[in-house]
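Numbers for residues simply follow the sequence, beginning at 1.
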Amino acid sequence: MTLAGVPGQMNWMPPPQAPMGCPPGLEYLTAIDQVLVQQQIELLEAFVGFETNNKYKICNSMGQQVYFAAEDTDCCTRQCCGPGRPFEMKILDNMQREVIHLSRPLRCQCCCCPCCLQEIEVQSPPGTVIGYVEQKWTLWKAKLEVQDAQRQHIMTINGPCCPCSCGSDVEFPVSSADGSSEIGMISKQWSGFAREFFTDAENFGIRFPLDLDVKFKAILMGACFLVDFMFFEHQNNNN
């Protein structure tokens with residue numbers, strides 16, 4: 001299967017040896033402790049405000065591409081629901097195999113409604129759930145709970161007081177389930193005034209321990225996309 005917009009085969013990270021029990025395609029994550037998620041700028045969206053499917057390059061620290069992610073939603077949903085829209089997202093490796101599938105259901109974005117908070121489901125391989133990221137209701141800072149396939153709490157992502165990017169990065173620390181230690185970071189990186197003001201194309205960095213389970217690394221990637229849509233995907237009339 002191929003998708004329009006998937007880059008060519010140049011400068012892709014070579015696949016490492018897959019350990020036993022590793023879901024197909026996640027062997028790339030065994031050799032890295034950070035990834036850069038770069039949203040592609042869509043000219044139609046930038047100039048006329050017509051919301052298009054989001055596309056992302058996912059690279060390692062050396063700039064080699066590891067994955068390509070493509071949102072799959074219909075036109076009506078994108079225009080009517082804006083950043084709160086439900087979506088399916090396919091994450092492909094360098095052989096254009098779908099190795100991770102993300103599914104975000106429709107949820108109310110009102111923070112005053114604790115019964116209907118944001119969530120994303122992570123599958124790898126597609127059809128096999130490996131975890132979830134679920135927003136928890138709080139009075140102050142944003143809080144996301146990272147869960148395994150059995151809905152067991154494994155990590156917590158804490159948002160800043162104000163997730164506003166104005167000349168600096170916005171950081172979302174990742175801590176252990178009990179909050180006793182910081183084990184990683186999701187950071188929305190400042191991309192310059194022109195890109196920040198005129199487009200909703202964002203850059204994110206995800207840092208995690210090298211020896212972290214590859215399934216947990218994949219779930220943190222899913223958390224990054226949820227953070228993007230919750231806090232940084234602008235409404236069309238704001239562009």
Side-chain angles (χ1 to χ4, degrees), residues 32-42 45-46 51 54-61 63 66-67 69 71 82-85 87 89 91 102 104 107-112 117-120 122 132-146 155-177 179 181-209 212 216-239:
I32 56 179
D33 60 1
Q34 57 183 306
V35 294
L36 176 64
V37 180
Q38 303 170 321
Q39 185 176 350
Q40 306 299 285
I41 295 177
E42 299 290 342
E45 187 172 330
E51 188 69 36
N54 287 359
K55 299 181 180 69
Y56 305 82
K57 286 175 61 178
I58 302 174
C59 303
N60 62 19
S61 59
V66 184
Y67 299 115
E71 178 191 355
R85 62 186 181 267
F87 64 76
M89 188 171 293
I91 300 181
L102 308 178
R104 180 201 190 190
R107 291 286 189 271
C108 175
Q109 283 203 302
C110 177
C111 61
C112 299
L117 298 174
Q118 300 296 309
E119 180 180 281
I120 197 166
V122 184
Y132 304 86
V133 182
E134 183 180 87
Q135 181 187 13
K136 309 307 288 187
W137 188 79
T138 61
L139 289 173
W140 190 236
K141 297 181 180 180
K143 182 178 180 180
L144 300 173
E145 187 174 287
V146 180
M155 289 178 281
T156 299
I157 301 171
N158 293 295
C161 298
C162 178
C164 176
S165 177
C166 186
S168 61
D169 295 352
V170 182
E171 297 184 336
F172 293 77
V174 180
S175 63
S176 56
S181 60
E182 182 176 307
I183 59 177
M185 181 74 69
I186 297 175
S187 58
K188 191 273 179 189
Q189 300 174 345
W190 174 253
S191 304
F193 177 80
R195 180 167 175 143
E196 295 282 341
F197 187 79
F198 292 108
T199 78
D200 60 2
E202 315 292 354
N203 287 341
F204 288 87
I206 311 172
R207 176 172 52 83
F208 34 64
L212 186 67
F216 297 166
K217 292 180 181 181
I219 299 169
L220 287 178
M221 287 171 52
C224 178
F225 291 110
L226 183 60
V227 165
D228 182 21
F229 276 82
M230 286 178 62
F231 301 110
F232 304 108
E233 183 80 3
H234 311 311
Q235 289 280 9
N236 285 340
N237 59 5
N238 289 340
N239 287 331

Lys136: salt bridge (charged side-chain N to carboxylate O under 4.0 Å, His left out) partners, not counting sequence neighbours:
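If we apply the salt bridge (charged side-chain N to carboxylate O under 4.0 Å, His left out) test to Lys136, skipping adjacent residues, the hits are Glu134.
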Name all residues meeting the salt bridge (charged side-chain N to carboxylate O under 4.0 Å, His left out) criterion together with Glu182; count only those two or more places apart in sequence or in a different chain, and write none if there are none.
Arg207
Would you say that [X] contacts [Y] through its side chain, given a criterion of any heavy-atom pair below 4.5 Å between the two side chains?
X	Y	answer
Val122	Phe216	no
Val146	Val174	no
Ile219	Met155	no
Gln118	Phe229	no

Who are the side-chain contact (heavy atoms from CB on, under 4.5 Å) partners of [X], not counting sequence neighbours?
X	answer
Thr156	Lys143, His153, Asn158, Ser175
Ala223	Val133, Ile157, Ile186
Ala142	Phe231
Ser61	Gln34

Tell me which one of Ser187, Cys224, Pro160 satisfies side-chain contact (heavy atoms from CB on, under 4.5 Å) with Phe172.
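Considering Ser187, Cys224, Pro160, a side-chain contact (heavy atoms from CB on, under 4.5 Å) with Phe172 is found only for Pro160.
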Which of these passes side-chain contact (heavy atoms from CB on, under 4.5 Å) with Gln38: Gln189, Lys55, Lys57?
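Single pass found, and it is Lys57.
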Nearest-0.5 Å distance, CD1 of residue Ile206 to CE of residue Met185:
12.5 Å
Out of curiosity, Ile32 CD1 to Ile58 CD1, how far, rounded to the nearest 0.5 Å?
9.5 Å
Apply side chain to side chain contact (heavy atoms under 4.5 Å, CB included) to residues Leu226 and Arg104 and explain how you reach the verdict.
CA-CA 8 Å; Leu226 183 60; Arg104 180 201 190 190; 3.9 Å; yes
Would Val37 and Asp228 count as a side chain to side chain contact (heavy atoms under 4.5 Å, CB included) if you check the C-alpha gap in whole Å, the side-chain angles of each, and the deciding distance to 0.1 Å?
CA-CA 10 Å; Val37 180; Asp228 182 21; over 6 Å; no
As a test of understanding, state which of Phe225, Phe232, Tyr56 forms a ring pair (Phe, Tyr, Trp, His ring centres under 6.0 Å) with Phe204.
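Answer after filtering Phe225, Phe232, Tyr56: Phe232.
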Kindly give the heavy-atom pair with the smallest separation between Ala69 and Ile91, and that separation in Å.
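In terms of heavy atoms, the two residues are closest at CB-CG1, 3.9 Å.
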